[in-house]
Amino acid sequence: MPKMKTKSAAKKRFQVTGGGHLKRKHAYHGHILTKKSQKRKRNLVHSTLVEKADEKNVKKMLLM
C-alpha cells in the first residue's frame with residue numbers, strides 16, 4: 001500500500017506548536033482592507049490556535 005500523503009493545503013496553513021496544539025492565521029486580512037478599521041486589521045495580524053472542536057479534523061489532514 002502506498003504512503004499516505006499530507007493534505008498540501010493543510011501543511012501550508014497550520015503549524016504544530018511545541019505543546020502539540022495547532023497554530024493558524026486569521027482570515028479576512030488578504031484584500032479589501034480599505035473598509036476595515038485599523039484596530040480590526042491589527043488584530044487580524046496575530047496568529048491564534050485552532051479551536052478544540054476543529055483540532056481533530058486538522059490533525060487528520062496533517063496525518064498526526
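Residues: numbered from 1 along the sequence shown. Every heavy atom of this structure was used, including side-chain atoms; hydrogens, water molecules and symmetry mates were not.
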Quick one: which residue pairs count as a salt bridge (Lys or Arg N to Asp or Glu O under 4.0 Å) with a foot in residues 55-64, not counting sequence neighbours?
-> Glu55-Lys59

CZ/Arg13: more than 12 non-hydrogen atoms of other groups inside 6.0 Å | no

Could you pull out every donor-acceptor pair under 3.5 Å between side chains of residues 31-41 and any protein atom, sequence neighbours left out?
unit_1: Lys36; atom_1: NZ; unit_2: Tyr28; atom_2: O; d: 2.9
unit_1: Lys36; atom_1: NZ; unit_2: His31; atom_2: O; d: 3.4
unit_1: Ser37; atom_1: OG; unit_2: Arg40; atom_2: N; d: 3.2
unit_1: Lys41; atom_1: NZ; unit_2: Leu33; atom_2: O; d: 3.2

Test log, rule side chain to side chain contact (heavy atoms under 4.5 Å, CB included), inputs Val45 and His29 = CA-CA 7 Å; Val45 168; His29 197 259; 3.9 Å; yes

Min side-chain heavy-atom separation Arg24-Leu49 under 4.5 Å = no

One should read off an interatomic distance between His26 NE2 and Asn43 CG, to the nearest 0.5 angstrom, of 8.0 Å

Set of salt bridge (Lys or Arg N to Asp or Glu O under 4.0 Å) partners for Lys23, sequence neighbours left out | none

Transitive ILVMFWY cluster of Leu22, excluding itself - 4.5 Å side-chain cut-off | Phe14, Val16, Val50, Val58, Met61, Leu62, Met64

